[in-house]
Structures are given as C-alpha cells and as structure tokens.
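Everything on this sheet refers to the single structure shown next.
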Amino acid sequence: MIEMTQAENAVWEIRDGTPENGGGIAWVGRSAGNSLASGFGRLRGGRTPEKTLEYDEVIHVLQGTFGVSCGGVETVARAGGVLSISRGTTVAYFGVQAEFFFVVTAAR
C-alpha cells in the first residue's frame, strides 16, 4: 500500500512543552498495519520536556536549526541534516525556527 499526503494538507496538533514556542506535529501516515509512521514537525524556539523513546526515530531537518539533547550531550542539525535516534534513548528536543520531517517505527 502507498499513501501520499501533501504537507499543506496535514493536520497539526500542539505538543506538550512547546505551545508558546510554536511547537507542533502533523502526522502524515499512521496506519495500523504498517511498522512505520511519519509526519512533519515544527519548533519555533524552546525545549521540550525529556522523554524516553519507545521507537526508533529518524528526523530530516527541512529548515532552521533542530537539536536533540541526550545525557547532557547536544546534537544540532541544520537544514539538510538527518538525526537518527535509537529506541530507549532519553531525549529533549530544541530548535530555532525549525521545520522537519520524521519517521518512527511502531512501538513494541
């Protein structure tokens, strides 16, 4: 099965810890029979609360600056950069005028 969604047609939802800074996620594909889910995200500024990932995640930064803090180490990507994060990692996200595309594996 192939699904196609245009970014401008995605439905955005505000995420915890970021509403005042323009944070949001728009799911593109989240089908029950697929082991992958994908979507778009934005974070105008600030930092999200820490969370431990129950999935593997790949983030492709489309514009701005987007970073991940893990164990006191911050990794920053700019437009064109790709971040890969393993399941079980505790992270906090931060960004400046960031827009990104992400793919996650289904939680086990």
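Along the sequence shown, residues carry numbers from 1. Predicted model, so just to flag it, every value in this text is computed and none were measured.
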Assess whether side chain to side chain contact (heavy atoms under 4.5 Å, CB included) is satisfied between Thr52 and Thr89, documenting all intermediate values. CA-CA 5 Å; Thr52 300; Thr89 304; over 6 Å; no
Going only through I, L, V, M, F, W and Y residues with side-chain contacts under 4.5 Å, is there a path from [X] to [Y]?
{"X": "Val58", "Y": "Phe40", "answer": "no"}
{"X": "Val104", "Y": "Val91", "answer": "yes"}
{"X": "Phe94", "Y": "Val96", "answer": "no"}
{"X": "Ile59", "Y": "Tyr55", "answer": "yes"}
{"X": "Val68", "Y": "Leu53", "answer": "yes"}

What heavy-atom pair brings [X] and [Y] nearest, and what distance separates the two atoms?
{"X": "Ala79", "Y": "Gln63", "value": "CB-CA, 3.9 Å"}
{"X": "Glu50", "Y": "Thr90", "value": "OE1-CG2, 3.7 Å"}
{"X": "Leu43", "Y": "Gly95", "value": "CD2-N, 3.4 Å"}
{"X": "Ser69", "Y": "Arg47", "value": "CB-NH1, 3.4 Å"}
{"X": "Phe101", "Y": "Ser38", "value": "CZ-CB, 3.7 Å"}

Nearest 0.5 Å, what's the CZ-NE2 distance between Phe100 and His60?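 One gets 12.5 Å once the value is rounded to the nearest 0.5 Å.
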So, do Tyr93 and Phe66 have ring centers that fall under 6.0 Å from each other?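 When the ring centroids of Tyr93 and Phe66 are compared, they turn out to be within the sub-6.0 Å range.
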Please answer whether the main-chain N or O of Arg87 pairs with a side-chain N or O of Asp56 as donor and acceptor at a distance below 3.5 Å.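 Confirmed, Asp56 side chain pairs with Arg87 backbone.
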